[in-house]
Amino acid sequence: MTQITMPETVRALAEADFSAVAQRFAAAGFAVNLPAPGILQIGSGTQRVKPMSLLLSVGVHGDETGPIEMLAHLLAALAESPQQLALDLMVVVGNPAAIAQGRRFIDADLNRLFLAERGELASVAEAARADAIMQASAAFFAGADANAQKWHLDLHTAIRRSHYPTFAIVPEPIADADRQALTHFLGHAAIEAMVISPKSAGTYTAWTARQFGTVSATLELGQVGTLGNNDLSLFIQPKAALDALLRADVQVLSEPVAGSLPHGFRVAQEIVKLSDDFRMAFDRSTQNFTALQQGAVIASDGATVYRVQHAEEFVVFPNPDVRIGFRAGLMVVRES
Ligand SMILES: [Zn+2]
């Protein structure tokens with residue numbers, strides 16, 4: 001096996017070990033709380049007005065390690081000058097057991113379990129983890145300042161190549177003013193596309209948006225890579241934008257970056273796998289945001305045939321390997 005020299009901060013975050021970071025912020029007078037393994041909350045230790053309660057999550061899929069590395073470096077740098085942290089922060093390492101094994105999940109996709117009713121998935125290994133995360137998230141947002149903005153950014157990397165290497169899935173509901181601030185942030189983070197999604201599918205961000213009215217986004221920041229081996233040069237702009245947010249540099253929310261607003265899309269239809277007969281009309285090399293024209297077959301599933309309904313639709317997250325009853329892909333249409 002190849003030996004990877006991994007920075008200590010990356011190893012610690014991947015192992016859901018917050019001790020070094022927690023100690024720094026506690027020593028600087030912040031209220032630090034570790035409500036469950038892999039969950040860190042840093043609250044206002046001073047009288048300053050906090051403009052935002054920000055939840056950052058990584059590793060909800062255990063094999064998506066780039067954002068873990070990026071966040072580890074970000075937190076380590078911030079911990080050098082803790083007083084720069086200008087908001088209430090919660091960090092979640094989603095699925096430490098899966099991260100340890102370099103797998104997407106152990107029993108089931110954690111990012112389908114942020115629901116009260118989980119049906120056949122009620123007893124999978126990830127269900128208890130989802131409960132712990134939901135409980136801590138509820139407590140965090142319940143403690144937000146009355147006037148504070150509530151944001152949740154869930155950091156992922158995609159399984160397949162993408163026409164837009166970085167994109168965001170933004171669950172509804174989202175108010176117009178919040179959507180504008182988020183669009184500005186995404187521009188600063190060099191996120192190239194934004195998909196508005198009306199349906200939940202049990203994702204973490206859909207749950208926070210609905211439950212707490214947070215501005216939520218699932219950020220896809222490139223491709224799956226092994227821990228310690230990610231090309232961090234691909235994360236420079238998202239990292240800088242997150243860093244600005246943590247230090248309350250309001251420009252990332254109030255001012256667009258010239259020429260770099262993300263392209264806008266909206267979910268047109270969800271492709272649900274109904275049976276073992278489910279077949280997708282394209283192969284595994286199909287990139288995210290591949291265009292299909294009206295009438296084209298997307299998938300067939302026994303008597304059901306999914307076809308493109310609009311003049312042009314783009315496929316996102318095609319994955320025929322999901323469990324029966326779950327979403328095997330999204331079809332989106334261009335808005336802007
Ligand atoms: Zn993911």
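All values below come from the heavy atoms of this structure, side chains included, with hydrogens, waters and symmetry mates left out. Every number for a ligand or one of its atoms is a count from 1 in the order of the listing.
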Using a distance threshold of 2.8 Å, what protein N/O/S atoms lie below it relative to the Zn ion (ligand 1)?
His61 ND1, Glu64 OE1, Glu64 OE2, His156 ND1
Arg118/Asp131 ion pair, N-O < 4.0 Å:
yes
N-O pairing of Glu69 and Lys239 below 4.0 Å:
no
Given 3.5 Å as the limit, does a donor-acceptor pair link the side chain of His184 with the main chain of Leu253, or not?
yes
Indicate yes or no: does Glu8 engage Arg11 in a salt bridge with an N to O separation below 4.0 Å.
yes
How long is the gap from CD1 on Ile133 to CZ on Phe140, to the nearest 0.5 Å?
14.5 Å
Strictly below 4.0 Å, N to O, side chains only: are Lys199 and Glu172 in salt-bridge contact?
no
